[in-house]
Amino acid sequence: MAPSVLTLGLLALILSQHTVIAEGGSHLISRQANGTVASPHFTAISDYVDSITDELSTINTEIHSNPELGYEEVKAHELLTSFMEEQEGWSVTRSVGNISTAFMAVFDGNGGGPVIGFNAEYDALPELGHACGHNLIATASLGGALAAAQVMRSESLGGKIILFGTPAEESLGGKVKMLEAGVFADAKIDISLISHPTSAGDSPYMTTTSTDRVDVAYTGLEAHAAASPWEGINAQDGLLVANSALSYMRQQMRPSERVHGFISSAGSRINVISAKAEGSYQIRANDNTQLANLTTRVENCFKAGALATGAALNFTIRPYGYANHVTNDLLAASYASYFTQQGGTLAPAETDKLKDPSGSTDQGNLSHEWPSISPYFQIFNEDGSAPLTGPHTRLFQVAAGSSRAFEKSLVVAKSLAGVAVDVLTKEGLLESIKEEFERTKTPSLRRRGSAVFGVV
């Protein structure tokens, strides 16, 4: 299907609005004063977010100061749902999808229209707290959803804004579980919006890998390591052979492909042949098709360990694997226009969207079902410096709690709200977004079960 005039116009907007990467510690300065706004509604969006800054700051700080692991985000769930229940016109459902710490807050407009989904994350990392900045993700989505709803209210717009509380993004697949439970489909969303902090530059294009996690267990036979080692089957050696095979395989892997993991157990006594050895590994690839191929090759490496030693192998793929994130160009163009109107600077879209993927997110799974964006936004320490390390590090955790990072999340909130209002008000935009989505669809991630190999 040929792109529409609207499609071409908005894609051209990306190229005109994306300039150069922002310098490290400078504040984003609003350009509203000179009248160069992207939408007649943007002033209202910005003013509303500014009016609730204190409330958003309190929520952001509370989440950052009280880190909770996936599916255990009791305080964050209570904080966010209680706050939304106090907001005029919002209907809140706690524990959706049979997930105790998930929720859905809905604002109905004046009649039918587009349904805009905002996703909030709020789980933390073991021992590192909010070293992935999910407090900022929650703040940006919360502020964006509330601002978009305020415009709907004041302008009597049709449609619906839904803020989804999506727990357990860190490896546990909260959004995938909600997806499989039908939470998003039942809500009949048209687009899905979220964002993510980073130590690198700002970008409307999140490029991530598809990923699976596997648990491996070798079962052998114990024997005295000195008196009669020939009577044993060494499970530890099976795992070591597999690790060596993985190392050799890396030479033939794509630059963006990754296999990494750890050995969790491999024997307990120095003079006994190990009868049990276990480990966990993560596999990443550019997309679902490449992931399926790489996973087969990884499984063969572990089978090699079983063949070499005679140990039995149990190779189990964990549920809720992540698909690569697919960014919708038209949504990215809308976001870029609002972000740059606030003084933000972005790399040229034609190169920005081609950067190598890194990391993985369960928002990727949603992006294969609905048009999606998850813009990266660079955060800073209190002194204006960028954190020296990226997410999942102690230095990033410190930066995620800074006032500078919070201020940046407000810029993102306003930009996401602008995207939502564009979809609600610009005739034909949602249809063009959906046309692009259908043209760029890729195969869904095919889940595999466990496999048993080898004979003791």
Side-chain angles (χ1 to χ4, degrees), residues 52 55-87 90 92-106 117-146 162-179 181 183-184 192-198 206 320 322 359-363 365-366 374-377 379 391-392 396-402 405-406 408-410 412-413 416:
I52 60 171
E55 292 95 327
L56 294 177
S57 177
T58 297
I59 290 171
N60 179 72
T61 300
E62 281 294 309
I63 294 175
H64 186 269
S65 301
N66 296 279
E68 299 168 295
L69 301 182
Y71 299 125
E72 299 175 10
E73 312 97 323
V74 176
K75 292 180 181 178
H77 179 266
E78 174 64 27
L79 179 69
L80 290 165
T81 53
S82 296
F83 177 76
M84 293 305 296
E85 287 166 350
E86 296 172 353
Q87 306 308 303
W90 287 85
V92 178
T93 304
R94 301 186 181 208
S95 303
V96 296
N98 291 319
I99 302 172
S100 62
T101 54
F103 71 86
M104 185 170 71
V106 181
F118 288 79
N119 294 331
E121 295 175 4
Y122 33 85
D123 62 315
L125 291 157
E127 300 179 7
L128 288 173
H130 279 288
C132 206
H134 289 192
N135 57 301
L136 300 169
I137 296 174
T139 300
S141 290
L142 175 62
L146 289 169
I162 304 178
L163 176 66
F164 294 96
T166 62
E169 187 276 338
E170 295 293 352
S171 304
L172 297 176
K175 293 185 194 64
V176 185
K177 200 170 182 179
M178 293 172 69
L179 179 64
V183 172
F184 302 105
S192 184
L193 306 177
I194 196 172
S195 61
H196 203 291
T198 179
M206 170 175 273
Y320 312 121
Y322 294 0
S360 305
T361 174
D362 55 7
Q363 179 69 20
N365 299 62
L366 270 61
S374 181
Y376 287 121
F377 60 99
I379 64 172
H392 294 212
F396 195 87
Q397 184 268 341
V398 172
S402 73
F406 170 69
K408 190 66 170 286
S409 75
L410 298 183
V412 176
L416 291 176

Next on the checklist: Rounded at 0.5 Å granularity, tell me how far OG1 in Thr101 sits from CD in Glu73.
Outcome noted: 4.0 Å
Item to check | Nearest heavy-atom neighbours spanning Ala76 and Ile63 | outcome: CB-CG1, 4.4 Å
Next on the checklist: Checking Glu55 now: which residues fulfil side chain to side chain donor-acceptor pair (under 3.5 Å) with it, not counting sequence neighbours?
Outcome noted: none
Item to check | Minimum heavy-atom distance between Cys132 and Pro391, given as atom pair plus value | outcome: SG-CB, 4.2 Å
Checklist entry - Any idea which heavy atoms bring Ala413 and Gly143 closest together, and the distance? => result CB-C, 4.0 Å
Checklist entry - Does a side-chain heavy-atom distance below 4.5 Å link Ser95 with His77? => result yes
Item to check | Step-by-step side chain to side chain contact (heavy atoms under 4.5 Å, CB included) determination, Ser192 to Phe184 | outcome: CA-CA 9 Å; Ser192 184; Phe184 302 105; 5.8 Å; no
Next on the checklist: What's the separation between atom CD in Glu85 and atom CH2 in Trp90, rounded to the nearest 0.5 Å?
Outcome noted: 13.0 Å
Checklist entry - Can you find a pair of side-chain heavy atoms, one from Ser402 and one from His64, that are under 4.5 Å apart? => result no
Item to check | Leu193 side chain near Ser141 side chain, heavy-atom distance below 4.5 Å | outcome: no
Item to check | With Thr139 via side chain to side chain donor-acceptor pair (under 3.5 Å) - residues at least two apart | outcome: Asn60
Next on the checklist: Run Val183 and Ile99 through side chain to side chain contact (heavy atoms under 4.5 Å, CB included) and show every step you take.
Outcome noted: CA-CA 11 Å; Val183 172; Ile99 302 172; over 6 Å; no
Checklist outcome for this item: Closest non-hydrogen atoms of Gly129 and Gln397, given as atom of the first, atom of the second and distance, are C-CG, 4.4 Å
Next on the checklist: Pair Lys177, Tyr71 - check side chain to side chain contact (heavy atoms under 4.5 Å, CB included), show working.
Outcome noted: CA-CA 11 Å; Lys177 200 170 182 179; Tyr71 299 125; 3.5 Å; yes
Next on the checklist: If I take atom CZ from residue Phe396 and atom OG1 from residue Thr198, how far apart are they, to the nearest 0.5 angstrom?
Outcome noted: 6.0 Å
Item to check | Heavy-atom check, side chain of Leu79 versus side chain of Tyr122, under 4.5 Å | outcome: no
Checklist outcome for this item: Interatomic distance, CZ@Phe103 vs CZ@Phe164, rounded to 0.5 Å, equals 10.5 Å
Next on the checklist: For Pro197 versus Ile379, what's the shortest heavy-atom pair and its separation?
Outcome noted: CB-CG2, 3.8 Å
Item to check | Sub-4.5 Å side-chain heavy-atom contact between Thr361 and Met206 | outcome: yes
Checklist entry - Are any non-hydrogen side-chain atoms of Val176 and Tyr322 less than 4.5 angstrom apart? => result yes
Checklist entry - Rounded to the nearest 0.5 Å, how far apart are CG of Leu125 and CD of Glu169? => result 9.0 Å
Item to check | side-chain contact (heavy atoms from CB on, under 4.5 Å) partner of Pro167, the single match among Glu68, Glu121, Met178 | outcome: Met178
Item to check | Min side-chain heavy-atom separation His134-Pro67 under 4.5 Å | outcome: no
Checklist entry - Hey, does Lys175 have a side-chain heavy atom less than 4.5 Å from the side chain of Ile194? => result yes
Item to check | Euclidean distance, Phe118 CZ relative to Leu142 CG, rounded to 0.5 Å | outcome: 10.5 Å
Checklist entry - Shortest non-hydrogen contact from Val412 to Ala140? => result CG1-CB, 4.0 Å
